[in-house]
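Here is the structure we will look at.
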Amino acid sequence: MAKRYWLFKSEPSVYSIDDLRDDKDSTTHWDGVRNYTARNLLRDEIQKGDGVLFYHSSCAEPGAVGVATVTRAGYPDPTQFDPKAKYHDPKSKPDNPRWFVVDVTFDKAFKNPVTLKAMRETPGLEDMALLRRGNRLSVQPVTPAEWKIITKQGGRAR
DNA sequence: GCCAACGTTGGC
DNA sequence: GCCAACGTTGGC
């Protein structure tokens, strides 16, 4: 399958691109997604080797702040079975897991983060899923053309 | 803090 | 299956 591209949202006060870079092996399980549309992408669509735009939401300057790579395709989110975990789901059973994660590994932080505001003003990004009214999906697709524009604007690692 | 836009839940 | 109530997201 051809490489595809995605945008993952995270609140930087909870987990930022720097947290990913500094994590063990610069890798994390993208856990806690509890939305069925996003779940379907994590479980069925997102493949090892795909590109991820790391997006900071609910902060002073929302925007794409860097790039990561999917290093493991979908598998059950372990936090759903942990009664002490914030994202515990008592209705999910190990033999029929409801929620999935992928692993992502840090690639680079943009020298120039591409803000939401900039995306709205950039020709070629008009149809981005992110910019559609009321799109709150925390995991969403990015087209190759959009990926190219944003990674070019973001620049090399800082 | 406000509020629009959804997604989820649960009674019926 | 409908739909009102409620909760969450996330920009501003």
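- For the pair A:V139/A:I46, a side-chain contact is recorded, criterion being any heavy-atom separation below 4.5 Å from C-beta on.
- For residues 88-101 of chain A, the set of pairs meeting the salt bridge (Lys or Arg N to Asp or Glu O under 4.0 Å) definition, not counting sequence neighbours, comprises A:D89-A:R98.
- Applying the 6.0 Å contact sphere to NZ of A:K117 captures no more than 12 heavy atoms from other residues, nucleotides or ligands.
- With a 4.5 Å cut-off on side-chain heavy atoms, A:Y15 and A:D23 count as touching.
- In this structure a side-chain-to-backbone donor-acceptor pair under 3.5 Å is present from A:Q140 to A:L130.
- Side-chain contact between A:M128 and A:N135: absent, with no pair of heavy atoms (C-beta onward) separated by less than 4.5 Å.
- For the pair A:D77 and A:R34, the salt-bridge criterion is met [side-chain N within less than 4.0 Å of a carboxylate O].
- Looking at heavy-atom distances under 4.0 Å, A:R120 makes contact with sugar-phosphate atoms alone, never a base.
- Extent of DNA chain C lying under 4.0 Å from chain A heavy atoms, first and last nucleotide in 5' to 3' order, is C:dT8 to C:dC12.
- Proximity of residues 50-57 of chain A to DNA chain C (heavy atom under 4.0 angstrom from any strand atom) is restricted to A:Y55, A:S57.
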- Chi angles and distances behind the side chain to side chain contact (heavy atoms under 4.5 Å, CB included) call for A:T105, A:D25: CA-CA 8 Å; A:T105 300; A:D25 299 326; over 6 Å; no

